[in-house]
Protein chains: 2
Amino acid sequence: MNNTTLKLLAQQLQLSISTVSRALKNHPDISAKTKAKVQALAQNLDYEPNASAIQLRTQTSKILGVIVPAIANLFYENFLAAIEEESRNNGYALMILQSNHNAENELNNLKIFRQNRVSGIFACLSANSENLDVYHKMIEQDMPIVFFDIVPKSNAFTKVRMADERCGVLAAKNIIKRNAKKVLAIFGDPALSISQIRKTSFQNLMMDLSPKTNVKYINATSSIEAEEIFKKNYNKTAKLDTVFCMTDEILIGVMRAIQELQIKVPTEMGVISISNGFIPNLYFPVISYVETSGFQLGKLAFTQMMANLQTGKPVDELTVEAKLIEGGSM
Amino acid sequence: MNNTTLKLLAQQLQLSISTVSRALKNHPDISAKTKAKVQALAQNLDYEPNASAIQLRTQTSKILGVIVPAIANLFYENFLAAIEEESRNNGYALMILQSNHNAENELNNLKIFRQNRVSGIFACLSANSENLDVYHKMIEQDMPIVFFDIVPKSNAFTKVRMADERCGVLAAKNIIKRNAKKVLAIFGDPALSISQIRKTSFQNLMMDLSPKTNVKYINATSSIEAEEIFKKNYNKTAKLDTVFCMTDEILIGVMRAIQELQIKVPTEMGVISISNGFIPNLYFPVISYVETSGFQLGKLAFTQMMANLQTGKPVDELTVEAKLIEGGSM
DNA sequence: AAAATTTTCGCAAACGTTTGATATTTTTGC
DNA sequence: GCAAAAATATCAAACGTTTGCGAAAATTTT
């Protein structure tokens, strides 16, 4: 479809292809009259430049690639929404590929990106992607790559992530403020650095500022698991009075239990989580949470990408600040 | 980055470009020995064919476009996940663009698709996109377009959608089965055909099978609005015993009210909704819902696209069946 | 061993665009 | 009016592929 080309326009106007090309982009060499004629016809014939031809000629594409574990995810979908918006506003198109947390898929996706000569890549590592050789190789060949969320440890890479230390600290502070006596703190997959960071910062602050608070630390990797853990640790005699949920997944499980056991929030139980806010707002009272916005992270990632694209490669690690949003659950 | 080309391979091997090209794709004209040599070097040098050059030469791209109102949406994210997966498995890359329910954005996105010469488009209409001329024009020029979810009325288009009539029917049947006396039925934006269809089918069945049931029909376009509507219509004397929520949005608002008012589900109030299941599973008891799977719709849309791509254009309307998933809320 | 085949490979054009260099026309200065 | 300068438009090559056609080399047939 749409086969209007510069050549066609040139023929119809009895002009050369180069003149038409220049007329279309307001080149000073072309007179106002010709420009007008050319642009009018182009408009009429629905001319749209062929991106492939341009990329071939100029050796630069206006396409950015993103690898995300899954599109259908409360966090990533917001990240994607942000970079899509930014890309579009900056003349780039986005190519989004899912890895399903699978290293093999990840490699395949990278291959697709290379075939399409994307000019930059946003990458979120698969949980099991040990081998970063591909990335190293691509970076050596000047491919801008911005890692987000699940990022490599090496600081030879450009990365953006949430200020996870602050997340842990803010949550812990709020728990202390509530004067909690007995806390259940559920963290995510212990293999992920994000879990480790949040836990360490939480734990450190807790021990520093309120060493006598009784805190039990457990990890859960699914909402079901979180639900079971909560039920197991809750009973009238235990007098659990506060629960901390590191992720939305965990919060969902805990809240299912709380609803089932008909525990009153916040009087009988304080609840606090780390989230982008969507899930906490489903409940009454709204759950207090430390905000981690995929949307904001996306914005940050994009500015990093642009900087990277324009000025060589500013290798560093940027974080987006976290803040506490008070619901009525504490 | 990655500048290995056929030319480079040819030079290094003292072969012609055409031979290298053919060797790489196992053309019978090329001897086994040369093939081996060529493929080995290609591997070594990380050769990846330039998609733009191929598209330019063959006049067909392996890119599919999708226009979605928003990526961050419980329904669309699953649709996207499905077509991304299928596309990838079929050698296509996806270009995803958001319209934000804005007709102007929609047009811009279509332009981007044309510039990139995508070979097919999945489109979800913006709420306010009255003018379908662009689409008509593109279809005339043989661009395969599969509409999904919010689709044009005209049947000159290929479309896939949920079996919305069945949704309304199934929900109504379940309400009758519960022996409800007084029902509050909240539907979505009345301007959307999806709301109209679901409401009509619901209403018809209700009047046919249980004319004496007292049903109040209201529309809500946000969770906040739904919450207010529910609160306004609920009071001890009203004896409301069942509420129907046409969308997740509405369910969210209603459930916030139900939690706040501490209404017991299902004894004091039956709740049923239409959803993909994510939101209903956040509550205890789990809310009963008529399942509408964005994921399945995506799969269906993709097969339609493939058919369209291969065999001219099978203009028709396909629907994915709905089924009732029982939670504990009725 | 020459002719007829078959196997293996190279030539060259085309896809649509950009752009430095060059050619043609118009305007300007005197 | 005529050269010089400025304005306007064209030429041609290149980006990386694919592919019909023809050429050379190797193999088989008589």
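Here is how names work: the chains are called A, B, and so on, in the same order as the sequence lines, proteins then strands, and each is numbered from 1.
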- Query: How is B:S21 classified with respect to the nucleic acid when contacts are heavy atoms under 4.0 Å: base, sugar-phosphate, or nothing?
  - Reply: base

Rounded to whole Å, CD of B:Q59 lies from P of D:dG16 at a distance of 18 Å

- Can you find a donor-acceptor N/O pair under 3.5 angstrom joining the side chain of A:S18 to the base of D:dC11? yes

From the list A:I83, A:L309, A:I63, side-chain contact (heavy atoms from CB on, under 4.5 Å) with A:Y92 holds only for A:L309

Between CZ of A:R117 and C1' of D:dT17 the distance, given in whole Å, is 11 Å

Original post:
For D:dT10, does either OP1 or OP2 sit under 4.0 Å from a side-chain N or O belonging to A:S16?
Top reply: yes

From CD1 of B:I17 across to P of D:dA14 the rounded distance in Å is 12 Å

Query raised in the report: Can you find a heavy atom in the side chain of B:I121 that is under 4.5 Å from one in the side chain of B:V66?
Result: no

In whole angstroms, the gap separating P of C:dG10 from CD of B:Q11 amounts to 13 Å

Considering every strand and a 4.0 Å limit on heavy-atom distances, what is the contact class for A:T19: base, sugar-phosphate, or nothing? base

Rounded to whole Å, the CZ-P distance (B:R114 to C:dT17) equals 12 Å

Whichever of B:T34 and B:T58 has the more 5' nearest nucleotide on DNA chain C, that residue is B:T34

| message | I'd like to know whether A:T19 forms a side chain to side chain donor-acceptor pair (under 3.5 Å) with A:S16, so could you lay out the CA-CA distance, the side-chain angles of the two residues, the decisive distance to 0.1 Å, and finally the verdict. | response | CA-CA 5 Å; A:T19 304; A:S16 79; 2.9 Å; yes

Exercise for the section: Respond yes when some side-chain nitrogen or oxygen of B:K33 is under 4.0 Å from OP1 or OP2 of C:dT8, and no when none is. Expected result: no

Here the distance between atom P of D:dG16 and atom CG of B:L9, to the nearest Å, is 12 Å

If you take the centroid of each ring, where Trp contributes its six-membered ring, are A:F122 and A:F147 closer together than 6.0 Å? no

Among the nucleotides C:dG16, D:dT17, D:dT10, whichever has the atom closest to the side chain of B:L6 is D:dT17

Which of C:dT17, C:dC15, D:dT19 is nearest the side chain of B:L56? It is C:dC15

**Item:** Verdict with reasoning, B:F79 to B:F148, per ring-ring contact (aromatic ring centres under 6.0 Å, His included)
**Value:** CA-CA 9 Å; B:F79 180 88; B:F148 64 94; 3.8 Å; yes

So, with a heavy-atom separation below 4.0 Å from DNA chain D, the residues of residues 22-30 of chain A are A:R22, A:D29, A:I30

Whole-Å distance, B:N50 CG to C:dG16 P, equals 16 Å

message: Testing the 3.5 Å rule here: is there a donor-acceptor pair between the side chains of A:N116 and A:Q55?
response: no

With a 4.0 Å cut-off, would you call B:K137 and A:D46 a salt bridge?
yes

Taken to the nearest whole Å, CD1/B:I54 to P/C:dG16 is 16 Å

